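Please read these numbers as outputs of a predicted model, since none were measured by experiment. If you read the sequence from its start, that first residue is 1, and numbering goes on from there.
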Amino acid sequence: MAVDTPSVSDADRATCAAFLDDLPHTLAGQERRDVTPSDALGAAWGDPAITLTCGVSLPADFDRFATCEEADGVGWFVPVAESSDQSSDVTLTAAGYRPIVRVQLPASYRPEGAATVISQLAQPVKDGLELVDRCH
């Protein structure tokens, strides 16, 4: 599974690598898959793949008025259009943490998959990334 690797500082690369090593083997009932390149700052589970990328930028539509879905103390930004359309793919961004993590969830896992994913990723996010601003 090919995963984009954003350009990040050496410090963020090290943080992302440690974070990725601590991610669960199973996410939303899907087994973790190998990704390419082997040093990608991402992970994938299932087919179609749920993908996670570490070190991304904030989404263009995220601003100080944005609201987040919270799971186990971690706020995830979901674009309004994707939030209301349960038949679309959804992008979930842990906007309050650095480095920033983005999860792309195919529509076939919705609606219950999004809640499961952000719940299962909450502890690794809290343990491995720095909280800089609560998103709620």
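- Looking at heavy atoms from C-beta onward, Ile50 lies in side-chain contact with Tyr109 at the 4.5 angstrom threshold.
- Nearest heavy-atom pair, Arg98 versus Leu58, reported as atom, atom and distance to 0.1 Å: NH2-CD1, 4.1 Å.
- Across all non-hydrogen atoms, the minimal contact from Ala43 to Arg32 is CB-NH2, 3.5 Å.
- At a threshold of 4.5 Å between side-chain heavy atoms, the hydrophobic network of Ile, Leu, Val, Met, Phe, Trp and Tyr places Leu92 and Leu20 in one connected group.
- Of all the heavy atoms in Ser57 and Ile100, the pair that sits closest is C-CD1, 4.1 Å.
- Environment of CG in Asp21: crowded, with over 12 heavy atoms of neighbouring residues, nucleotides or ligands closer than 6.0 Å.
- Leu105 has its side chain within reach of Val117: a pair of non-hydrogen atoms, C-beta onward, lies under 4.5 Å apart.
- You'll find the side chain of Leu121 reaches within 4.5 Å of the side chain of Pro24, heavy atoms only.
- In terms of hydrophobic clustering, with Ile, Leu, Val, Met, Phe, Trp and Tyr side chains grouped at heavy-atom distances under 4.5 Å, Val103 and Leu131 are assigned to a common cluster.
- A heavy-atom distance below 4.5 Å is found between the side chains of Pro48 and Ser108.
- Without hydrogens or angle criteria, Glu82 side chain to Thr91 main chain gives a donor-acceptor distance under 3.5 Å.
- For the pair Gln120 (side chain) and Ala28 (backbone), a donor-acceptor distance under 3.5 Å is present.
- For the side-chain contact (heavy atoms from CB on, under 4.5 Å) test with Asp12, the passing option among Pro99, Ser7, Pro6 is Pro99; the others fail.
- Counting heavy atoms from C-beta outward, Thr53 and Val3 have side chains that approach closer than 4.5 Å.
- Across all non-hydrogen atoms, the minimal contact from Lys126 to Tyr97 is CG-OH, 3.6 Å.
- Closest of all the heavy-atom pairs between Gly42 and Val35 is O-CG2, 3.7 Å.
- With Arg110 contributing its side chain and Ser88 its backbone, the two residues share a donor-acceptor pair below 3.5 Å.
- Other residues, nucleotides and ligands contribute only 12 or fewer heavy atoms inside 6.0 Å of the CG atom of Asp4.
- Judged by distance alone, the side chain of Thr116 and the main-chain N or O of Glu112 form a donor-acceptor pair under 3.5 Å.
- Surrounding CG of Asp39 are more than 12 heavy atoms belonging to other residues, nucleotides or ligands, all under 6.0 Å away.
- Trp76 is listed as a side-chain neighbour of Val125, based on a closest heavy-atom distance under 4.5 Å.
- Taking each heavy atom of Phe19 and Leu52 in turn, the nearest pair found is CE2-CD2, 3.8 Å.
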